[in-house]
Structures are given as C-alpha cells and as structure tokens.
A.B. asks: 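What follows is a single structure, and I will ask about it in a moment.
As a basis for the values below, the full set of heavy atoms in this structure was taken, side chains included, without hydrogen atoms, waters or symmetry mates. Reminder, nothing fancy here: chain letters follow the sequence lines and each chain counts from 1.
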Number of protein chains: 2
Amino acid sequence: MLKKERQAFILKQINLHNRVLSSDLSLEINVSEDTIRRDLLELSVEDKLIKVHGGALSKSFHSSFLREDIYQLDAKKLIAHKALNLIKDGMFVLTSGGTTVIELARILPVALKATFFTGSIPAAYEYAKHPNIELIFIGDKISKSSQITVGGEAIMKINSIKPDLCLLGVNAIDLAAGVTDNDWDVVQVKKAMVEAASKTAVLTITEKLNSSQKLKICDINQVDYLITEKDHQHDLFHAYASAGVEIL
Amino acid sequence: MLKKERQAFILKQINLHNRVLSSDLSLEINVSEDTIRRDLLELSVEDKLIKVHGGALSKSFHSSFLREDIYQLDAKKLIAHKALNLIKDGMFVLTSGGTTVIELARILPVALKATFFTGSIPAAYEYAKHPNIELIFIGDKISKSSQITVGGEAIMKINSIKPDLCLLGVNAIDLAAGVTDNDWDVVQVKKAMVEAASKTAVLTITEKLNSSQKLKICDINQVDYLITEKDHQHDLFHAYASAGVEIL
DNA sequence: TATAAATAGGCAAAAAAGTGCAAAAATATG
DNA sequence: CATATTTTTGCACTTTTTTGCCTATTTATA
C-alpha cells in the first residue's frame, strides 16, 4: 500500500468513526505503529486531524465556537489572567457562565490539573478542550437567554458538592445591594453556588461596579475576592476592601 | 511497444485500479523503472494522474478525498432533513451527540415546539439557540473525546425519563453486530438512551453501514428507524428492512 | 506513586527518485 | 541516400524517502 493511500485510508477511518487508535490502524494496514504515528503527525500538521496520545481525533468534532464580538474583551482577558492566581492544582472549582468566565476557561494553563463544575454550555465547551481538567456538567433545564443550567435538580446537585472556589461572572455588584441579577432562575442557581463554595470570587468589569438589579444573589460580605481590570489600589475599591473583600 | 501506447496502458491501469506501482508496470511492460518514472512524470504534468512515491494514483481517487468533508456534510444535512419527519410538536426527544445530530439541531424548524434531552455539549449549544424548544441537559462527567456526558448519574437520569424518540448518531452499525461503538463510557450512556426511549432512530451515513466496532450498544431489532443519505429502496437496506427496521 | 503504554529521536537498510551520460532509435534535412 | 539532429531508453551513481527497530522519555491510569 502506498503512503498516500494509507493516509487517505486513515482520514477515511477518522471521518467515519471520529477517532482512531494507532494500534488498530497498525493491525488493519499491516505496518508498524511508528509508521502510523508518522502518518498521524504529518496529517496533523496538515490540519487534517487532531493527534492525541494513542491515536487521533476528527477535526470536525473539535472546531471551536465562533467568538462573537465581546464587549471589552481586553478587559475581560485581563480579569481572566488575574483570576488564574486563585486556581491551584487539585482544586474543585465551581463556575458560572458569562463572557469573562469563558475567557478564563480559554487561558487555563495546560499543566493545571483541577476539577471544574459548571452549568454553562459555552464554558463547558472550553473546559472540555483542556487536557488536564476534569469537567462535571451540572445538568437540568437550560435557560435560553444565558445558556446556563437552571432548576431544582441543578440546585440540589450544587448543594451536594463542596468546591474550594466559586468563580462568579456577575451582572451587577454594589456595596449596599450586594451581587444582583435580573433572571429569577439564574439567581437561584448562583445563590446556591455561592452558598456551596468555600470561597467566592466575583469577576466583573468595573463598569458593572456600583450598579444593581432587582434580584439578589448574595451580600457583599459573602464575596471573598473581587477581580476587575483595574489596579487593586484604585479608589473605586476602597469601600469594598473595607467591607472585607480582597481586591485583585 | 511505443511510448504513447505505453502511457495509454498506464492510464488504463490507473483508471481500472485507482493506483499503480512503478515496479509492477516495469515488469508488465518490460521496460526499466526509469522509463516508467519518466512516463508518470509526463502524465502528471499533463494532469492525467497524481504521482506519488512508489507509483501513481488516479485523479478521481485523490480529489474525492479532498472533497470528502463537504460531501459528507451534504449527506449529513440530507439525513438531518429526513429525520425531521419523525419529530412532532410536543414530543420528548432524547439525542446523542455526533456531527449528524448536530446538523439536525441546526435545521430544526423555528415553529417546532418540543422538549429535547441531551448530554452532548455541541448539540446542546445548537438546541439552546432554538426559540421554541425546551432543552434539558443531562449532566455528569464530560468525556473529553466525545464531548458528551458519561457516568452513573447521567445514566440514572436517563433511566428516569421516558422520551418518545431517541435520535442516535452512531459510529458503526451492522446487521449481525448491531449498533457498536468504541468508547466504554459512551456506550453505557447510549445503551441507556435506547432502553429509555419508546422508539429509536439511528442516523448514519451509509459508509458506516455494515461496519462494526468493539463495544455493543444494542441489537438491530431495537432500532426502529434507520436514516441515511441514500434512497430507502437502495439494495443496501434490504437485509435491514427484513430485520424489521424502517428505512427512511 | 508505580506500572505499562505511547512517543520522540536517532539509526540503518531498503526502496524509490533524481541526474548525467551514452548508446540506440527515430526523425529531419540537404 | 548519407549525415546531422532529436528523442528515447537504460545504466551507473548519488540523494532522498520510507520504514522498522532501538532506547530514553513522557504520558495515562489504576
């Protein structure tokens, strides 16, 4: 069998079954696993498939969602980088959805080994691409507007875990009003998340600071860390720092 | 043998077998391999064949592989459209992941009002965009390779529902071997899905027909509908139809 | 953390390809 | 017809490609 034929065969198997094992191909085509590995390497640099330990995966399965224009993306990236400091190897992390949290999911260091819980579909999609984190999706009804799980079953599930850290992307935060939002179902879930976690970090652009909405998620004193794009010594944060929130 | 005769012979062999080896041709025509190589070089600059190390490949063979992705996508879209006929307003539909199912998710008519259950992140992402369907995500550990929920909790959840229809994107289906797959965790979940649903429809391109993998999801007699891109009267389906599967 | 599988990188043998050359054959030209 | 010119072909040689094997590392997973 010619090399090109072999590679075509491999691609066909991948498109057919979404994944192949080097060992299987080696047996089927009757060449050494080294040869298969070299083929997979070539095809992967040609962007025809995704090479993984032990074989290869179909590309179509792993193409990413289109990133739409995100408001203040640079600020959100900065926030994400700051938030990384809170996440350590072996941690159990519970995260909400929201563009800032998704940005964080994208930049998690590949070496990080941790367990993430989330009910957000876009966030889960990003976490799932990470090689070393274990992902537990909290299922139930999906809220269309926020693409996040809501409902009693999800809340029960959240109550049954005890994560080290909750990363909350929020809509509004204010010293007096606390963390607030405007979707009843989402608020119930976020409430449960804050309650369950040992520590809670709020991720938000400063624009949302000192604003409030109609439904309350938690008080300021339940927030352990506040992460924004501005320097932690900025005047804006004095009152929050006094209230016991650590500013990052 | 004249040079032109020889080249015509080579082209004939290529069209017949899709590939030729320089060494074979040298023996058959009784000229040196150098001459064959020069012939192949000439024919390849004339765009009559594709020269590769060791011989040559037919043009159609090669170009069909380049276009395979698009070709398969068309097939999957066709399958998705056929599958639509099974889905009625008010139904509870349980779906797996896989590119074909995701294609279906993309083309659900906006007017359709139904409840969808899934454990696939990409599929959920598509369902979530639909205005009128209610989406319940089945949560648990997410399998990285297939981006689908796996694990005992997910299976228990599936067992607790009684959907009207299960839409299964499969990796391999065969009359004797039944529906098979290659990931243990995924197989457990799919098994539960088939068990739970009143009716099961298998969505697959015909290329996956009559192929099998190592782990069994269910027997052919548990499959109610088989949906492929080919006409339902195609010879390929006789045996399946005889086994009681309705071909769409 | 320990163990087995998978991988990368170096090496060598074999196959194939490129190169230059010269003999043979075909073709052109006076 | 004789000679010059071009084309074709095979051969000797070097270079490149392909492949399998080996060993040290890395990776997956219990």
Side-chain angles (χ1 to χ4, degrees), chain A residues 1-11 13-14 19-46 48-57 89-90 108-115 127-136, chain B residues 1-11 13-14 19-46 49-57 62 141-146 150-152 182-188 214-215:
Chain A
M1 188 180 248
L2 295 167
K3 187 185 171 192
K4 291 282 176 190
E5 276 188 286
R6 199 178 53 227
Q7 297 193 348
F9 178 82
I10 291 173
L11 280 179
Q13 290 302 309
I14 291 229
R19 85 171 224 206
V20 289
L21 301 181
S22 304
S23 51
D24 284 354
L25 288 172
S26 166
L27 288 172
E28 287 178 79
I29 312 181
N30 218 46
V31 289
S32 75
E33 286 196 40
D34 299 76
T35 302
I36 298 292
R37 253 195 300 279
R38 273 184 283 242
D39 282 340
L40 296 181
L41 187 69
E42 278 182 39
L43 292 169
S44 77
V45 301
E46 286 170 29
K48 302 272 181 61
L49 50 75
I50 296 179
K51 198 173 169 300
V52 295
H53 200 92
L57 303 174
D89 266 17
L108 291 175
V110 285
L112 179 70
K113 286 189 211 293
T115 304
Y127 293 135
K129 287 198 276 194
H130 191 285
N132 288 313
I133 65 174
E134 180 141 349
L135 171 59
I136 313 289
Chain B
M1 188 180 250
L2 296 169
K3 187 181 171 192
K4 290 284 174 195
E5 273 187 283
R6 200 177 53 227
Q7 296 196 348
F9 178 82
I10 292 173
L11 280 179
Q13 291 300 308
I14 290 233
R19 77 155 220 239
V20 288
L21 302 182
S22 304
S23 52
D24 284 355
L25 288 172
S26 166
L27 286 171
E28 289 178 78
I29 313 182
N30 217 47
V31 289
S32 75
E33 287 197 36
D34 298 74
T35 303
I36 298 293
R37 255 196 298 279
R38 273 184 283 241
D39 282 340
L40 295 182
L41 187 68
E42 279 181 38
L43 292 169
S44 78
V45 299
E46 286 170 32
L49 49 73
I50 312 263
K51 198 172 167 299
V52 298
H53 200 93
L57 300 173
H62 200 258
K141 184 168 171 344
I142 302 292
S143 153
K144 291 254 170 60
S145 54
S146 50
V150 296
N182 54 20
D183 183 311
W184 199 84
D185 287 326
V186 172
V187 164
Q188 304 314 307
K214 308 222 171 90
L215 302 168

A.B. asks: Quick one: list whatever passes side-chain contact (heavy atoms from CB on, under 4.5 Å) with B:Lys214, sequence neighbours left out.
C.D. replies: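 side-chain contact (heavy atoms from CB on, under 4.5 Å) check on B:Lys214 returns A:Asp24.
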A.B. asks: Could you go through B:Val186 and B:Leu215, starting from their C-alpha distance and side-chain angles, then the distance that decides it, and tell me whether this counts as side-chain contact (heavy atoms from CB on, under 4.5 Å)?
C.D. replies: CA-CA 10 Å; B:Val186 172; B:Leu215 302 168; over 6 Å; no
A.B. asks: Just how far is it from atom CD of A:Glu5 to atom CG of B:Leu57, taken to the nearest 0.5 Å?
C.D. replies: 6.0 Å
A.B. asks: Output the residues of residues 34-46 of chain B in contact with DNA chain D, where contact means a heavy atom of the residue under 4.0 Å from an atom of the strand; sort by number or write none.
C.D. replies: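 The stretch gives B:Asp34, B:Thr35, B:Arg38 as the residues lying under 4.0 Å from the strand, ordered by number.
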A.B. asks: Any side-chain heavy atom of B:Asp185 within less than 4.5 Å of one from B:Lys141?
C.D. replies: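 Not touching, per the 4.5 Å side-chain cut-off.
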A.B. asks: Any residue in residues 23-32 of chain B with a heavy atom nearer than 4.0 angstrom to DNA chain C? Just list them by number, or reply none.
C.D. replies: none
A.B. asks: Hey, does the side chain of B:Ser44 reach the backbone of B:Leu49 with a donor-acceptor pair shorter than 3.5 angstrom?
C.D. replies: no
A.B. asks: Tell me, please, the opening and closing nucleotides of DNA chain D, 5' to 3', among those with an atom under 4.0 angstrom from a non-hydrogen atom of chain B.
C.D. replies: D:dT8 to D:dT18
A.B. asks: Counting distance only, does the side-chain N/O of A:His130 pair as donor-acceptor with the main-chain N or O of A:Lys113 below 3.5 Å?
C.D. replies: no
A.B. asks: Mind calculating the distance between NZ (B:Lys4) and C1' (C:dA25) to the nearest angstrom?
C.D. replies: 17 Å
A.B. asks: Surrounding NZ of A:Lys51 (heavy atoms of other residues, nucleotides or ligands, distance under 6.0 Å), is the total greater than 12?
C.D. replies: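 For A:Lys51, atom NZ is crowded (more than 12 foreign heavy atoms under 6.0 Å).
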A.B. asks: Both B:Glu33 and A:Leu2 contact DNA chain D. Taking the nearest nucleotide for each, which residue is further toward the 5' end?
C.D. replies: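 It is B:Glu33, whose closest nucleotide lies nearer the 5' terminus.
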A.B. asks: Within the 4.5 Å heavy-atom criterion, are B:Leu21 and A:Leu2 side-chain neighbours or not?
C.D. replies: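 A side-chain contact exists here, since the closest heavy-atom pair is under 4.5 Å.
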A.B. asks: Can you find a heavy atom in the side chain of B:Glu46 that is under 4.5 Å from one in the side chain of B:Leu43?
C.D. replies: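 B:Glu46 reaches B:Leu43 side chain to side chain.
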A.B. asks: Quick one: salt bridge (charged side-chain N to carboxylate O under 4.0 Å, His left out) partners of B:Arg38, sequence neighbours excluded?
C.D. replies: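 By the salt bridge (charged side-chain N to carboxylate O under 4.0 Å, His left out) rule, B:Arg38 matches no residue at all.
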A.B. asks: Just report the end-to-end axis angle for the helix from C:dT1-D:dA30 to C:dG30-D:dC1, five pairs per end, to 10 degrees.
C.D. replies: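 Its terminal axes enclose an angle near 40°.
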A.B. asks: Between B:Gln13 and B:Glu28, is a side-chain contact (heavy atoms from CB on, under 4.5 Å) present by the stated rule, with each step listed?
C.D. replies: CA-CA 11 Å; B:Gln13 291 300 308; B:Glu28 289 178 78; 4.3 Å; yes
A.B. asks: Report the C-alpha separation of B:Thr35 and B:Ser32 in whole Å, then their side-chain angles, then the decisive distance to 0.1 Å, and conclude whether the side chain to side chain donor-acceptor pair (under 3.5 Å) test is met.
C.D. replies: CA-CA 5 Å; B:Thr35 303; B:Ser32 75; 3.2 Å; yes
A.B. asks: Rounded to whole Å, how long is the line connecting atom CZ of A:Arg19 with atom P of C:dA6?
C.D. replies: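 Whole-Å distance recorded here is 12 Å.
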A.B. asks: Please confirm whether the backbone N or O of A:Ile133 pairs with a side-chain atom of B:Lys144, one donor and one acceptor, at under 3.5 Å?
C.D. replies: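 Indeed, once roles are kept as given, a pair shorter than 3.5 Å links the two residues.
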